[in-house]
Amino acid sequence: MKNNDVKTLAKGSDKAVDMVLKLLKEKLSKYNVRISRAVANNLIVDVSRRHLRDVAKIVHNELGAYVRTCVGCDERNKNGCFAVYYIFGLDDYGVNVIVRTLAPANDVKVPSIADIAPGADWCELEFRDLLGIDVTGRPVYRLILPEDWPDDLHPLRKDVPYGVRPPPVKREGVTLTELESPGIPVGPYHPALHEPEYFELYVEGETIIDVRYRGFHIHRGIEKLGESKLTYKQIPFIAERICGICGFCHSTCYVMAVEKAAKIEVPERAEFIRAMVLEIERIHSHLLWLGVACHLLGYDAGFMHTWRIREAIMKLAEYLTGSRKTYGINIIGGVRKDINKEKIQNVLRTLNYIEREVKELIDVMLSVPEVKRRLTGTGILTKGEARKLSVVGPVARASGLNRDVRKDYPYLAYKYVSFKVPVYTEGDNLSRTLVRVEEIFESISIIRQLLDRLPGGDIKVEKYEIESDKVSTAAVEAPRGEDIHFLITGKGRPYRWKVRAPTYQNIPALRPMLREQLLADAPITIASIDPCFSCTDRVIIIEIRNGKIVNAKRINIVRLSRKR
Amino acid sequence: MKFLKLFVVAKKAGTVTRKYPFEEPLITEEFRGEIKIDPEKCIGCGACTLICPPNALTMRDEGNVRLIRYFVGRCIFCGMCAEVCPTNAIAITKEFELATLDTDDLLRDLLHKRVKCRICGRPFLTTKLIKYANKDIPGSDNYADVCPECRSKLSIKNILKYRGDLDV
């Protein structure tokens, strides 16, 4: 499919969208579909439930699209139906194909496409939990809602008010697996990442034979909050608080989705500043990860020194935006804080310092034989598995997939800079480390180029109107991979706002990575996807009561702790 | 044996930690901390309470008094309030040592006197806000001390008078 035409095409441009439109019309002519253009680089394919699986097969397998996410939406007050949006991304064209199917309110079910596109496995369960849209033709279980949540209450439905707290329902403990081998719990609190998650590793001797994951312990109801309480202007600030590390990615992603839907022309200078802060965030996030990885491998000297260097970039972020984290400079229509000559000089000075120090330290770090040996050949994710699960970010790039939102779906000022996307084919922990190390240096170079070409002018537009019922998506390459926000506009606030963080797409890849591995390598392999559980868990209405994960497993933890 | 070079790196870096409470904290000149509202400049318009994303700034009217309350516990230190303030009464300070054992320590209250409507006698806007409006809009002192409800009644009356059918 990659012919010369496609290679020279400007990704995400109107021409590319037209090409995909033509291609889709040709391929889908057999089925009764309606294809229409939405805002920016999005195409909407309306299809009946009967043909959903056929269309998904063609888009995912024949056109080679990646699953970006799928979103359920309660549209009963508009058309009496529940809608499901499957967002496929055609990386070669930079175009999103949004397949929409409707399920009438008296027959709320859709066929599953998880066997065709395994990347959609989780998001199907998500809309089943939160909106009560049943998925047929696949094993279903509760993914997001806590076990003591009543069956017939679906928090994201529009008739469920915000802040509802039903009394807990008693239920039999659900066993996640039939396997008899001993399960070793990692969690409910990760020892090094200091975030709640729960992995259960099944072992035979020292070898892991299967892995189960139970997460979503820290749902904070952000989507429901955005849809029922906040206004368009407040959401950038709460979006920034979805994640403590890549918060700026989330707020940029949200404002970009709104700007696309409302067709707001953002001043170029604002786009440059946003891109610059995004890259600063990437450097600090990758340095943080390198430190944590060293710590997990028992090389604490490396951990201390990485974080010493990282402190310079944290201070730089504060100097530019006013805060070390949660910068708070993103608003719809631009940014709030400008930079001047003096600040540019300071940034360049800090970048020189960081580049020099990181180079020196990485050189030392990777020459430590223990570090190198433990990273090499562990946690392998093959290219085939990576493609099947639509993994994103450094995990995809370390497994030979050349995916990067900055190149594939150009946004902000990235079209003005040249940079390399590091791709490794081994798919082990070492390649994931090296991808991140190279990206630090690429980011430094990107910031230098951006500062060099920084245009003058305004940094924000203040007059705009946001029309209702526009479907829009925006994606940002966060340090961990592709972060995507889906938005349907409403009156004064979004009608539907869905956040898909990169870790959401990467955690399912841990199963093939951990299988047939030694138990001792599990912590570093789990950490190697740079999981961010706060991002992943953002969706639902109420926080789970502490400790009530899965009853049977809870006993396991207690028993194991007592033994010690 | 290359990994031994770490000693060189460590020697060069030296001690980086600071004895914080005894030494200067590590904040830059751009740092955003707690806000300070200047009671002299504040006119009680409530623009800050409308823009505040986490609702740390709230406004309540009671009798002759308007209360502008700043609750530091909810503040996310974004500084949006300082941007919208028409009189630049809000200053962003570098104060970040805000921990306390008593929640009341985190409340900053500002009281404004409200003007009574010339016609119906009900209090509506703050005295200072009306002064501010009179300064900016010439001729507004004729009707600035009339509440919006009475004002619309008044203007309807005037229109009718102009048309000559006042008896209605």
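In what follows, chains are A, B, ... by sequence order, proteins preceding strands, each numbered from 1.
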Looking at A:Glu465, I want to see if its CD is surrounded by more than 12 non-hydrogen atoms of other residues, nucleotides or ligands under 6.0 Å. no
State, yes or no, whether a side-chain contact exists between B:Met80 and A:Ile331 at a heavy-atom distance under 4.5 Å. yes
Within a 6.0 Å radius of atom CZ on B:Phe7, are there more than 12 heavy atoms belonging to other residues, nucleotides or ligands? no
When the 4.5 angstrom heavy-atom criterion is applied to A:Leu361 and chain B, the contacting part is side chain
Separation between CD of B:Glu30 and NZ of A:Lys337, rounded to the nearest 0.5 Å: 4.0 Å
What part of A:Lys343 is in contact with chain B, defined as an atom under 4.5 angstrom from a non-hydrogen atom: side chain, backbone, both or neither? side chain
Tell me every residue that passes salt bridge (Lys or Arg N to Asp or Glu O under 4.0 Å) with A:Arg274, counting only those two or more places apart in sequence or in another chain. A:Glu259
Quick one, B:Glu29 and A:Tyr319 - any side-chain contact, counting heavy atoms below 4.5 Å? yes
Examine distances only and state if a side-chain atom of A:Glu318 and a backbone atom of B:Thr28 form a donor-acceptor pair shorter than 3.5 Å. yes
For the CZ atom on A:Arg373, are there more than 12 heavy atoms of other groups (residues, nucleotides or ligands in this structure) within a distance under 6.0 Å? no
Any side-chain heavy atom of B:Leu6 within less than 4.5 Å of one from A:His305? yes
In terms of heavy-atom contacts, does NZ of B:Lys113 have more than 12 from other residues, nucleotides or ligands at under 6.0 Å? no
Whether the side chain of A:Arg336 engages the backbone of B:Cys78 through a donor-acceptor N/O pair (distance < 3.5 Å, no angle test) should be reported. yes
Supply the atom-to-atom distance B:Leu26 CG to A:Met314 CE, rounded to the nearest 0.5 angstrom. 12.0 Å
Heavy-atom pairs under 4.5 Å with chain A, option from B:Ile76, B:Ile92, B:Val16 with the top count: B:Ile76
If we ignore hydrogens and angles and just use 3.5 Å, is the side chain of A:Gln234 paired with the main-chain N or O of B:Pro53 as donor and acceptor? yes
Is it the case that atom CD in B:Glu62 sees more than 12 heavy atoms from other parts of the structure closer than 6.0 Å? no
Side chain, backbone, both or neither: which part of B:Ile27 has a non-hydrogen atom closer than 4.5 Å to chain A? both
Is chain B contacted by the side chain of A:Arg324, its backbone, both, or neither, given a heavy-atom distance below 4.5 Å? neither
Applying a strict 4.5 Å limit to non-hydrogen atoms, the region of A:Thr321 in contact with chain B is backbone
Measuring from atom CZ of B:Phe3 to atom CG of A:Leu366, what distance do you get when rounded to the nearest 0.5 angstrom? 13.5 Å
Test of understanding: with ring pair (Phe, Tyr, Trp, His ring centres under 6.0 Å), list the residues that count as partners of B:Tyr70, not counting sequence neighbours. none
